[in-house]
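No experiment lies behind these values; they were computed from the predicted model shown. Naming: A, B, ... by sequence-line order, numbering from 1 per chain.
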Number of protein chains: 2
Amino acid sequence: MATLREVADKAGVSMPVVSAYLRGSKTVRMSEDTRRRVAAAIDEVGYVPNLAARSLRTSRTNVIAVVVPKLDNPALAEMLRGIYDAAQELGYVVMLGDAARLTSGSQMLEHLLAHGTVDGVIVRRSSSLDTRVLADMAERGLPVLFLDDESLHDFTWLALDDAAGIRLATSHLIDLGHVQIDFLGGLDPIPAAEFTRIRYEGYVTALKERGLAPRPPIMSGQAPEDGYEAFSSLVAPRVADRRKDAPTALVVNNVTTATGVLAAAYDAGISVPGELSVVGYLDTAAASMARPRLTTVRMPMYELGHRGVAALSEIVKGEHVRSAVLADIAPTLIRRDSTAPPAGQK
Amino acid sequence: MATLREVADKAGVSMPVVSAYLRGSKTVRMSEDTRRRVAAAIDEVGYVPNLAARSLRTSRTNVIAVVVPKLDNPALAEMLRGIYDAAQELGYVVMLGDAARLTSGSQMLEHLLAHGTVDGVIVRRSSSLDTRVLADMAERGLPVLFLDDESLHDFTWLALDDAAGIRLATSHLIDLGHVQIDFLGGLDPIPAAEFTRIRYEGYVTALKERGLAPRPPIMSGQAPEDGYEAFSSLVAPRVADRRKDAPTALVVNNVTTATGVLAAAYDAGISVPGELSVVGYLDTAAASMARPRLTTVRMPMYELGHRGVAALSEIVKGEHVRSAVLADIAPTLIRRDSTAPPAGQK
DNA sequence: CTGAAAGCGCTTACAG
DNA sequence: CTGAAAGCGCTTACAG
C-alpha cells in the first residue's frame, strides 16, 4: 500500500508538496514540472489516499449520514435527489441509513456518535427514532438536522408547509362542491407525531374558512395496508349504505396510504370519483399509475433535501441555524382522475 | 474532546487497559475494581472513541458499503433486511449508496476507493455501474461482491436462480391451459444486462419442456411507465383486435413493470384475468394492493442479502469465494387474482 | 499481568 | 517557496 512518503520520494519532492497537490491547494504553488512529476509518481506507485489518516488529522470526514424511515418510501426519492445534489455541491459524501436500524446501543448509533466517522446527520422524521437515541445525539453534541418534523425543541429542523399543502387539497374538494369531507390518516401509530396533527389542522382551517364543519380524523397508519384497513372498516360501510353522514370526499394524509384506500374502495364496489373523491398528499409515480389516477398535492421535496444539507453544513461549521418551515414555495395541486364534483351535481 | 489518555489518567490505569476495556478484550484480564474505575472515568469525561484513529491503526473500519440502483425499488426492501441482519451479526455497519451517484470521478467513488473508509462493497446489479467504475474497483483491489448479476468474470457474485423463478411463473400459466404466452420486459435498456437474458431463457425452457413454442420477448424497461408504454403499444392492440396470435397470458420480468401493465390493460379495456392472465416476477406489497391482485413469484431476496454479506466478509478476510446461484432455495408461486384459465376454457 | 514506546498515514504550523 | 518535525488518537507488539 503506497503512502505519501513513497510518492514524495519517487517524485523527488517532500510530502507536503504531494499533499498539497492531492488536495488541489491554491496557496501552495508548484511548477508545472513538479506537478507532472508528482502526478507520474502517484500513477506509478498506484497511490490511494488513506482517509482515516486525513480525518484523524483534520477532524473532518466530509461524510454526512442521512437516516430515513422506510427506505423504499417513493415519496422520499425526490428528497434524496435534493440531498445528493446539495451534498455534491458542498463536497460531502452521503451515507444512507435505515432509521429502523438506528436503535439504542446499535452498531450504527455507535458509529454515528463516534468521532472521525461522520460530520453530521440528517434525520427524516424524529418519531421514527427512540427518544434515548435522540438524547444520546444531543448529549454528544453531534450536528443533527431534522427534516419535515416540527416537534423538536432541542434540535434544528426544516419542514414542509404541511398545513398549506393539506389546505390546498381540502380547498380543491370544496371548490368541486363537496361539503362532507373526511380526513384519513389522522394520527400516526407512533405517539407524538406532530406532523400529522399539523396536517389535520390544515384540513380544519380549509373547512372553517369556507364555513364548513370539520369532522374528526379517521385514524390510519401510513402503509397501503393501513389505508386499506381503515377505509374498509371505517369509511366503506357508511358510503355503501348511503348514510346521511357519509363523506363524499376524502383527504388522505399520504399517497402511499391513498393507494390502499383506492384498492379498498374498489373491493367495496365504491366508485371513485363517482361516489367518492380522493386526494392524496405528496406526489409519486404510483399516483399516476393508480386507476383512477390519483389527484395529489405536490410538495417541494427536492428543496427540502437540498436546503437540509446546506443547513447541516452550517451547523457543522458551528453556525447557528434557525428551524424553519419552507413556506416560500407554494404547494401544487396535481389534478388527475380521482376527484370530481359530488354525485348529483355534475 | 476527551481522549483515551484522559480516561486512563482519571482511572489511574494505562491507556492499553482502557483500550482493552472498550474493545471488550478477552485476552486482557482486569479486576472488577479496575473495570469499575475505567467505566466511571469514561462516563465522567464523556469519552467517545475516535474511529478514524482506530481505523488508521488497525486498517479496518467495520463499515461496508451497499450500492443499489433505484433506492426506492420495493423489491429490494427484503434484500436490504437480509443485508442489515447479516451485517449486525458480523459486526458491520452498513452504508447505503445510490448507484446513480457512483459515477466515474464522483466523490462517492473516491470515498469507496480510498483506504480507511470501508472494508468492502456490495453492489446490486453491475449494469447500473459505469465500466470505468468497475475497472477502478478491480484495479484498486477493493473487496467487492455483486448481487444478482451473473455477467461478471472479474468479480465474485451471488445470484438468484432467475431461470427457475421465471420457469415457475411460465409453468403456472401453462398449467392453467395457456398456450400463447408472451414474455414482457425482454431486455433492459442498459446493454449487456445478462440477467434479463437469463430470465427470458427460463421462459423459453418452460415452454419447450411442455412442447410449446416460445415467442420473441417484448422489450420493456423496468419502471411502471415502461411497462405501461410497452404493453399499450405492443400488446394491447393485438389482444383488443382478438388477433389469432394475441397472447392469452403474459410473464412480466418484474412486479414493478407489471404494475404498469395492469394500468395499461385497464385503460385499454382489457380484462385481467378474463382476457389476459398476468404473472409478475418478484413479490412486493404493491402486488397485493394492485387490482386485480397480482400473481407473482417470490424469490429468496432476504437470503440473497444475508449470504451476500457473509461472502463479502470472507473476501475482506482474503479468502477465496466462489460465485454462485442460490439454487438451493426454491422459488414460490404466490397465486392471487391476475391469472386464470384462458377464456372459453373455464 | 502491567506500562512505556512505536507507529498507522496524513496535514499543518514552523523554521530555513 | 520548500522541507523537517510534530502530532491527530488510537492499538499492539515488547520489555519489565
Side-chain angles (χ1 to χ4, degrees), chain A residues 1-38 41-42 45-63 91 110-111 113-119 140, chain B residues 1-38 41-42 45-63 91 110-111 113-119 140:
Chain A
M1 216 182 64
T3 69
L4 219 51
R5 169 89 272 146
E6 295 173 46
V7 175
D9 289 351
K10 182 136 289 179
V13 297
S14 71
M15 284 167 64
V17 173
V18 181
S19 172
Y21 172 86
L22 285 168
R23 287 172 295 118
S25 164
K26 288 291 114 195
T27 53
V28 177
R29 265 194 306 225
M30 52 194 99
S31 67
E32 258 319 307
D33 180 54
T34 303
R35 206 175 283 282
R36 249 194 305 273
R37 284 212 317 282
V38 172
I42 286 172
V45 303
Y47 173 77
V48 170
N50 185 314
L51 264 35
R54 181 180 292 176
S55 295
L56 177 58
R57 186 60 237 257
T58 62
S59 54
R60 289 273 266 124
T61 62
N62 295 316
V63 175
E110 302 252 298
H111 186 84
L113 292 178
H115 289 286
T117 54
V118 300
D119 292 342
R140 147 84 165 78
Chain B
M1 217 183 63
T3 69
L4 219 52
R5 168 90 271 144
E6 295 173 47
V7 175
D9 289 351
K10 182 136 291 180
V13 297
S14 70
M15 284 168 63
V17 172
V18 181
S19 173
Y21 172 87
L22 285 168
R23 287 171 294 119
S25 164
K26 288 292 114 196
T27 52
V28 176
R29 264 194 305 225
M30 52 194 97
S31 67
E32 258 318 306
D33 180 55
T34 304
R35 205 175 284 282
R36 251 193 304 274
R37 284 212 318 282
V38 171
I42 286 172
V45 304
Y47 173 76
V48 170
N50 186 313
L51 264 36
R54 180 180 293 177
S55 295
L56 177 56
R57 187 58 235 259
T58 62
S59 56
R60 288 272 265 125
T61 62
N62 295 316
V63 176
E110 302 252 298
H111 187 83
L113 292 178
H115 289 285
T117 54
V118 300
D119 292 342
R140 147 83 164 79

Answer with base, sugar-phosphate or nothing: what part of the nucleic acid does B:Met15 contact at a heavy-atom distance below 4.0 Å?
-> base
Check whether any side-chain nitrogen or oxygen of A:Ser19 sits under 4.0 Å from OP1 or OP2 of C:dT11, and answer yes or no.
-> yes
From CZ of A:Arg5 across to P of D:dA6 the rounded distance in Å is 14 Å
Round to a whole Å and report the spacing from CG of B:Asn50 to P of D:dG7.
-> 17 Å
Looking at A:Tyr47, does any N or O in its side chain come under 4.0 Å of the phosphate oxygens OP1/OP2 on C:dC10?
-> yes
Roughly how far, to the nearest 0.5 Å, is CD1 of B:Ile42 from CG of B:Leu4?
-> 8.0 Å
Could you state the CG-C1' distance from A:Asp33 to D:dT2, rounded to the nearest angstrom?
-> 15 Å
Atom-pair distance (OH on A:Tyr21; P on C:dT11), nearest Å = 14 Å
In whole angstrom, give the distance that lies between atom CG of B:Leu4 and atom C1' of D:dG7.
-> 16 Å
A:Arg57 CZ to D:dC10 C1', in whole Å, measures 15 Å
Per nearest nucleotide of DNA chain C, the residue lying toward the 5' end, B:Pro16 or B:Leu56, is B:Pro16
C:dA4: pairing nucleotide in any strand, Watson-Crick or G-U under 3.5 angstrom = none
Roughly, in whole Å, what's the span from CG in B:Leu51 to P in D:dC10?
-> 9 Å
Spacing of CG belonging to A:Asn50 relative to CG belonging to A:Leu56, to within rounding of 0.5 Å = 9.5 Å
Looking at D:dC10, C:dG9, C:dG3, which one has an atom nearest to any side-chain atom of A:Ala53?
-> C:dG9
Quickly work out the B:His115 NE2 to C:dC10 C1' distance and round it to whole Å.
-> 13 Å
So, the side chain of B:Arg140 versus the backbone of A:Gly46: is there a donor-acceptor pair under 3.5 Å, distance only?
-> no
When you check the phosphate oxygens OP1 and OP2 of D:dC8, does a side-chain N or O of A:Arg54 lie under 4.0 Å from one of them?
-> no
OP1 or OP2 of C:dT11 less than 4.0 angstrom from a side-chain nitrogen or oxygen of A:Arg23, does that happen here?
-> yes
So which nucleotide from D:dC10, D:dT12, C:dT11 ends up closest to the side chain of B:Thr58?
-> D:dT12
Drop me the distance from B:Met15's CE to B:Glu6's CD, to the nearest 0.5 angstrom.
-> 10.5 Å
Do you know which two heavy atoms are closest between B:Val13 and B:Val18, and how far apart they sit?
-> CG2-CG2, 3.8 Å
To the side chain of A:Ser14, which of D:dG3, C:dC10, D:dG9 is closest?
-> D:dG3
